[in-house]
Amino acid sequence: MALTAITPCASTTPLSREAFREALMSKGQYYHLNHPFQQAMANGELTREQLQGWVANRFYYQLMIPQKDAALLANCPDAATRRRWVQRLLDHDGHAEDEGGIEAWLALGEAVGLPRHTLLSQERVLPGVRFAVDAYRHFVARAPWQEAAISSLTELFAPLAHQNRLDTWPQHYPWINEQGYRYFRKRLSEARRDVEHGLEIALGVCTTVALQQRALDILQFKLDVLWSMLDAMTMAYQLDRPPYHTVTREAVYHRGLEHSHY
Ligand SMILES: O=C(O)c1cc(C(=O)O)c2c(n1)C(=O)C(=O)c1cc(C(=O)O)[nH]c1-2
């Protein structure tokens, strides 16, 4: 199928704000909601073990989100932006009135039969997932804060994914405890507020053809991160080809080298 993409590339005049917004939105066709693993999830085709694999691996993404947002804050000299962006840390790490997204994801883990310590140990995190998530975190740490903000814009499409899980899981996976849905509900409103801010930044700073093209490339990079995470899970859990499967059934891969022993 031929895919048409709105792109500023061929032109010497930048897209209007509205056309640029459309160009960003058109990237939604590559969102991980269209990945076969995610489609199998929505169709009720995943086994309990496969769903557990997704929850345990996605937890690494959850853990890294506040760290990459902290990196963006560290690189941002504008107090007004920092004041708004810091909310993202609180959303995930929690505060007096909110348990936070990481805690809610741990509840999702328990609801699918994974004890907290299993998620926290990161023992199920596949190397491919870890590398993809780390690529995102490292990009954000090194990029100008405006580019880092643009890389969060896959969140434009995330409410669709959360709503899709809320709509399909209870029917397909009735064994999942109701407490498991807290995270997806919480993100529906948070993601909408986040993208309002992210879009405001993108539309405000991307005023040339080159900057608009750069933003589209950054968004594609982030889509690649999300897609690659699911590719790694597909290999391990659907195709039964986890790392080193030709050698051993044991999970010998490293647990991450960046966390010191202290
Ligand atoms: O479940 C999903 O499909 C999904 C996708 C994404 C995304 O598009 O990056 C995020 C989330 N969830 C999410 O819950 C979340 O907090 C989040 C933060 C960010 C980001 O890049 O800053 N993406 C996402």
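Atoms within a ligand are numbered from 1 in the order they appear, just like the ligands themselves. Computation of the quantities below employed the complete heavy-atom set of this structure, encompassing side-chain atoms and omitting hydrogens, waters and symmetry-equivalent molecules. Just so you know, residue 1 is the first one in the sequence shown, and it goes up from there.
Residue Ala161 has at least one heavy-atom neighbour below 4.0 Å for each of these atoms of ligand 1: 3 (O). The Arg187 neighbourhood of ligand 1 comprises atoms 13 (C), 14 (O), 15 (C), 16 (O), with distances under 4.0 Å to a heavy atom of that residue. Numbered from 1 in the order shown, with element, the atoms of ligand 1 that lie under 4.0 Å from a heavy atom of Lys222 read 9 (O), 20 (C), 21 (O). Residue contact check: Leu226 has heavy atoms under 4.0 Å from atoms 7 (C), 8 (O), 9 (O) of ligand 1. Using a 4.0 Å cut-off to heavy atoms of Tyr31, the atoms of ligand 1 that qualify are 3 (O), 4 (C), 5 (C), 6 (C), 7 (C), 8 (O). Those atoms of ligand 1 that come under 4.0 Å of a heavy atom in Tyr183, given as number and element, are 13 (C), 14 (O), 15 (C), 16 (O).
In terms of polar-atom proximity, His32 is counted as a contact of ligand 1, with an N or O under 3.5 Å from an N or O of the ligand. Looking at ligand 1, you'll find an N or O of Arg165 within less than 3.5 Å of one of its N or O atoms. When only interatomic distances are considered, the shortest N/O to N/O separation between Trp54 and ligand 1 does not fall below 3.5 Å. Looking at ligand 1, you won't find any N or O of Ser151 less than 3.5 Å from one of its N or O atoms. Distances between N or O atoms of His92 and those of ligand 1 include at least one value under 3.5 Å.
His172 has its side chain out of reach of Leu46: every pair of non-hydrogen atoms, C-beta onward, lies at least 4.5 Å apart.
In this structure, Phe157 does not count as a contact residue of ligand 1, since none of its heavy atoms falls inside 4.0 Å of the ligand. Residue Phe184 places every heavy atom at 4.0 Å or more from ligand 1. In this structure, Gln38 does not count as a contact residue of ligand 1, since none of its heavy atoms falls inside 4.0 Å of the ligand. Within the 4.0 Å heavy-atom cutoff, Lys68 counts among the residues contacting ligand 1.
When only non-hydrogen protein atoms are considered, atom 21 (O) of ligand 1 lies nearest to Tyr136 OH, 2.5 Å. Of the protein's non-hydrogen atoms, the one nearest atom 10 (C) of ligand 1 is Tyr61 CE2, 3.8 Å. In this structure, the protein non-hydrogen atom closest to atom 18 (C) of ligand 1 is Ile65 CD1, 3.5 Å.
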Verdict with supporting geometry, His35 and Trp227, ring-ring contact (aromatic ring centres under 6.0 Å, His included):
CA-CA 7 Å; His35 192 285; Trp227 196 274; 4.6 Å; yes
One pair to check against salt bridge (Lys or Arg N to Asp or Glu O under 4.0 Å): Asp93 and Arg88. What are the steps and the verdict?
CA-CA 9 Å; Asp93 287 340; Arg88 299 182 188 226; over 6 Å; no
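Because its NZ or CZ atom is both nearer than 6.0 Å to the ring centre of Tyr60 and within 45° of the ring axis, Arg130 counts as a cation-pi partner of that residue.
The parts of Ser152 lying near ligand 1 are both backbone and side chain, judged by heavy-atom distances below 4.0 Å. Contacts between Thr154 and ligand 1 below 4.0 angstrom, taking non-hydrogen atoms only, involve backbone and side chain alike. Residue contacts with ligand 1 for Arg58 involve side-chain atoms from C-beta outward but no N, CA, C or O (heavy atoms, distance under 4.0 Å). Residue contacts with ligand 1, taken as heavy atom pairs separated by less than 4.0 Å, involve Glu155 via backbone and side-chain atoms alike.
Judged by distance alone, the side chain of Gln238 and the main-chain N or O of Met235 form no donor-acceptor pair under 3.5 Å. At least one donor-acceptor pair closer than 3.5 Å links the side chain of Gln50 to the backbone N or O of Tyr237. A donor-acceptor contact shorter than 3.5 Å links the side chain of Asn75 to the backbone of Ala141. In terms of modelled atom types and a separation under 3.5 Å, the side chain of Asn57 and the main chain of Leu126 share a donor-acceptor contact.
Applying the 6.0 Å contact sphere to CZ of Arg142 captures no more than 12 heavy atoms from other residues, nucleotides or ligands.
Under the 30°/60° scheme for interplanar angles, the aromatic rings of Phe221 and Phe139 are found to be tilted. Between Tyr181 and Phe184, the ring planes lie tilted relative to each other; the angle falls in the 30° to 60° range.
When all heavy atoms of Gln62 and Arg58 are compared, the pair lying nearest together is OE1-NH2, 2.6 Å. The two atoms that bring Tyr31 and Thr154 nearest to each other are CE1-O, 3.5 Å, heavy atoms only.
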